[in-house]
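Notes to accompany the following structure.
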Amino acid sequence: MTMAARAGGGSGGINSPIFMDSPLQEDPIRVCLRLRPVNKLETSRRSTNCVKVQTAANNNNNDKSKASYAAILEKGSSATVGGNAIEVISPLQGKFNFTFDQVFQEDASQSLVYQHTAAPLASDLLEGFNCALISYGQTGSGKTHTMMGGNSSDGTTTTATTTTGKKKSSSTSTINDEKSGMIHRLIKDIFQQMKESPPSIEYIVRCSFVEIYLEKILDLLNPANRSIQILEEGSGLGSMMGGSSAAVSSSSLDGNGGNNGNEGGVRIDGASEACCFDQSDVISLLIRGNACRTVSSTKMNTDSSRSHAIFIMSIEQKDNITGISKMSQLQLIDMAGSELGGKDQTVQGTKGTAIHQEARMINKSLSSLDAVVRAVVENQDATRGSSGADAAGGSSIETPYSQSKLTRLLRDAFGGNCRTSIILTASPASYSIAESIRTMKFGHLCRSVKNFVKPSVEMSPMDYRKLLNDTQKKQVDTTNLVNELSAECFQLKQDAKSNKFVESNYSGPLWETIESVLVNGADQVANKSIRGGKEPGDSAELAALREELARTRNELQASKKKREHVESLLAERQSEVAILRTQNDNYSSEKKRNHQDLIVAQSENRLLLQRKHEVENNLRTSQFREYEATVFL
């Protein structure tokens, strides 16, 4: 495994690659629920437990479990990991039943939650699939704890400052593995799998970190950057990775696997990005960005995140032996928590303050996300429930991606080319049960969404050569077919003039069709000769053959153009390889020079330290002699 560096920033990128054809795979969104323990506020309100979790032993309704998770789920403990069905009894709203892919009870550890939810995404990402991990729930329900970890799990200690202040942090030297969140564990697994990959594979890892605050996209890696905007991408997977690291997935797919009026994906233009060589680089970016995230103190949470945080990791990999390249993207989203109106007041508690505006915008974006998910589900249900002709009749609902910046950035995570896992966080206490039910309803709806995924694998030079050879072979076959068809036409004319027809010796489905046309034409010519009359349609079959000949020539021309296109692409790839080799040589020479400069600097530093010690020794000696002289006098 080799980590290669590439300069970041801006929206430029590499040329759009051509990807190997592979069918779209239907991939349902995986939704897991994590219940947190009852907090002090809920205990002071004498809350009762309103959630009953069905145990794994009694659960026979796991209709959406995936094969990729089967091995991991066997490791779970039924005491901590429940089944996939729960019963909620609300004192005001009544009884509800929900089904999820997995339910974690209050005593579930971070490691256990990770193994059931985010662990498979590491291998999927390195296989070329786009992935997304989303935390969703009420404020104070444990979203940030689940994603980022507890105190010092990300190397930081967080405190609230002002009503809409920024989160302060102080770096520590160690990371608490027990309290580490999903993001840190996932990043660790990704780099571990990179380390275990063959040495012929080179990786380029680029990261961006942004937040959506009051419907504005802010750069957490460079808070002074105010030039971030969302741009529409052209269709195709190449444009996704061709931009900056903040490019957001590929062309979005709607419920029936087609573009729902949005042929291109979107990307965040102008966001800062950084190339990372190892796990520590990514963790340092997380600490740096998390320190700038907007937080406030509310009744439900003293460190309530007031923005949607989106960490984007783009990975490009290339096998130098086979020439195969893969491109994938990981989105890690820690959503701001939703709240009811009476629970979102600040500790000081005056209405009309900034926190009410924050809560209003947060609930608006989450409502837009709910509307998007409902539209995707309705479109997919309509497509599955109707025939192809009815589905093409334009009865689908327009998916409202443009209502919010959050929905625009997550368009592929819901119904597009992305493997999505959602972690719902909720409280089982009666004091918070209304928001918990809203969270569970959203998650239950997300389980009905089907994504359509395919790996982003670029063709290698060997694949290009194979395609070129196939094209050349097809061109030769088409040329021979044209010559044979011309000979048949000429023979048909001769036989028609002499009122006889000799069947050809060619075989195959195409020639059987041509021969049937020729036989019918010869019979018509013979019948007309017997009747002694001439009809206007004597040459109808000849005209059909001429049209077939014209179509064959068009196919031949198209094959020639395709061959030329492939040859030009191959030349471009060869030129890119030459450029990259030159850049690699320059980087190697620069590295050697830097190493030499480092050696020189170290020797100078040692010399300076030696001189410093000599000066200090001389100073102490002079002070001692001065003291002796003073005493003597």
Side-chain angles (χ1 to χ4, degrees), residues 26-37 49-70 72-90 93 95-110 112-121 131-138 141-143 146-147 182 333 335 337-338 366 369-370 373-374 376-377 380 413-415 419-429 432-451:
E26 186 176 284
D27 188 76
I29 292 180
R30 179 173 174 81
V31 182
C32 299
L33 173 66
R34 184 180 193 182
L35 300 174
R36 68 157 172 80
N49 193 327
C50 298
V51 178
K52 180 180 179 182
V53 181
Q54 181 177 348
T55 60
N58 298 328
N59 179 19
N60 297 320
N61 298 320
N62 192 7
D63 56 342
K64 285 190 56 178
S65 60
K66 301 179 183 177
S68 60
Y69 289 85
I72 294 176
L73 296 181
E74 291 178 356
K75 302 178 182 179
S77 170
S78 61
T80 301
V81 181
N84 63 348
I86 62 173
E87 180 181 89
V88 182
I89 301 177
S90 171
Q93 296 178 318
K95 180 179 177 181
F96 297 88
N97 291 289
F98 298 102
T99 303
F100 302 103
D101 292 281
Q102 202 65 53
V103 178
F104 303 97
Q105 300 188 34
E106 294 88 334
D107 57 345
S109 64
Q110 293 278 68
L112 187 62
V113 174
Y114 171 74
Q115 291 297 326
H116 285 256
T117 57
L121 296 181
C131 301
L133 179 63
I134 303 173
S135 65
Y136 184 96
Q138 178 190 13
S141 60
K143 298 183 304 303
T146 299
M147 296 294 283
M182 304 298 106
I333 301 99
M335 290 192 180
S338 61
L366 295 179
L369 181 61
D370 183 83
V373 175
R374 291 183 183 277
V376 171
V377 171
Q380 292 181 348
F414 296 93
R419 284 190 167 170
T420 305
S421 292
I422 300 177
I423 302 177
L424 304 176
T425 56
S427 169
S432 305
I433 199 61
E435 277 296 315
S436 297
I437 291 175
R438 285 182 56 185
T439 300
M440 296 174 190
K441 286 182 177 179
F442 174 79
H444 192 72
L445 181 65
C446 289
R447 295 187 73 244
S448 302
V449 177
K450 303 293 191 301
N451 290 350

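With rounding to the nearest 0.5 angstrom, the OG1 atom of Thr117 is 12.0 Å from the CG atom of Leu33. From Leu121, atom CG reaches atom OG of Ser421 across 4.5 Å, with rounding to the nearest 0.5 Å. Rounded to the nearest 0.5 Å, atoms OG (Ser432) and CZ (Arg438) are 12.5 Å apart. Remark: Ile433 CD1 to Gln138 CD distance equals 9.5 Å, nearest 0.5 Å. Summarising the geometry, atom CD belonging to Glu26 is positioned 7.5 Å from atom CD belonging to Gln380; distances are rounded to the nearest 0.5 Å. Annotation: the span from Ser135 atom OG to Ile423 atom CD1 amounts to 7.0 Å, rounded to 0.5 Å.
Contact annotation: the side chain of Lys52 never approaches that of Ile86 to less than 4.5 Å [non-hydrogen atoms, C-beta and beyond]. Residues Ile29 and Arg419 are not in side-chain contact: their nearest non-hydrogen atoms beyond the backbone lie 4.5 Å or more apart. Asp101 is listed as a side-chain neighbour of Arg30, based on a closest heavy-atom distance under 4.5 Å. Residues Pro428 and Cys50 are not in side-chain contact: their nearest non-hydrogen atoms beyond the backbone lie 4.5 Å or more apart. Residues Ile422 and Arg447 are not in side-chain contact: their nearest non-hydrogen atoms beyond the backbone lie 4.5 Å or more apart. Contact annotation: the side chain of Phe104 never approaches that of Val53 to less than 4.5 Å [non-hydrogen atoms, C-beta and beyond].
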What's the verdict on side chain to side chain contact (heavy atoms under 4.5 Å, CB included) for Asp370 and Leu445, showing C-alpha distance, side-chain angles and the deciding distance? CA-CA 9 Å; Asp370 183 83; Leu445 181 65; 4.2 Å; yes
Given side chain to side chain contact (heavy atoms under 4.5 Å, CB included), test Val51 with Glu87 step by step and report yes or no. CA-CA 6 Å; Val51 178; Glu87 180 181 89; over 6 Å; no
Please assess Ser427 against Ser141 for the test side chain to side chain contact (heavy atoms under 4.5 Å, CB included), listing each intermediate value before the final yes or no. CA-CA 6 Å; Ser427 169; Ser141 60; 5.7 Å; no
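The backbone N or O of Val377 sits nowhere less than 3.5 Å from a side-chain atom of Ser448 that would complete a donor-acceptor pair. A donor-acceptor contact shorter than 3.5 Å is absent between the side chain of Thr439 and the backbone of Ala426. Panel note: side chain Asn97, backbone Val88; no donor-acceptor pair is recorded below 3.5 Å. The backbone N or O of Ala108 sits less than 3.5 Å from a side-chain atom of Arg34, completing a donor-acceptor pair. In terms of modelled atom types and a separation under 3.5 Å, the side chain of Asn451 and the main chain of Gly415 share a donor-acceptor contact.
By the 4.0 Å N-to-carboxylate-O rule, Arg36 lies too far from Glu106 to be salt-bridged with it. Ion pairing between Asp27 and Lys450 fails under the 4.0 Å rule for side-chain N and carboxylate O.
The aromatic rings of Phe442 and Tyr136 lie parallel to each other, with less than 30° between the two planes, well short of the 60° mark.
With sequence neighbours excluded, the residues forming a side-chain contact (heavy atoms from CB on, under 4.5 Å) with Lys441 are Phe96, Phe98, Ile437, listed by chain and number.
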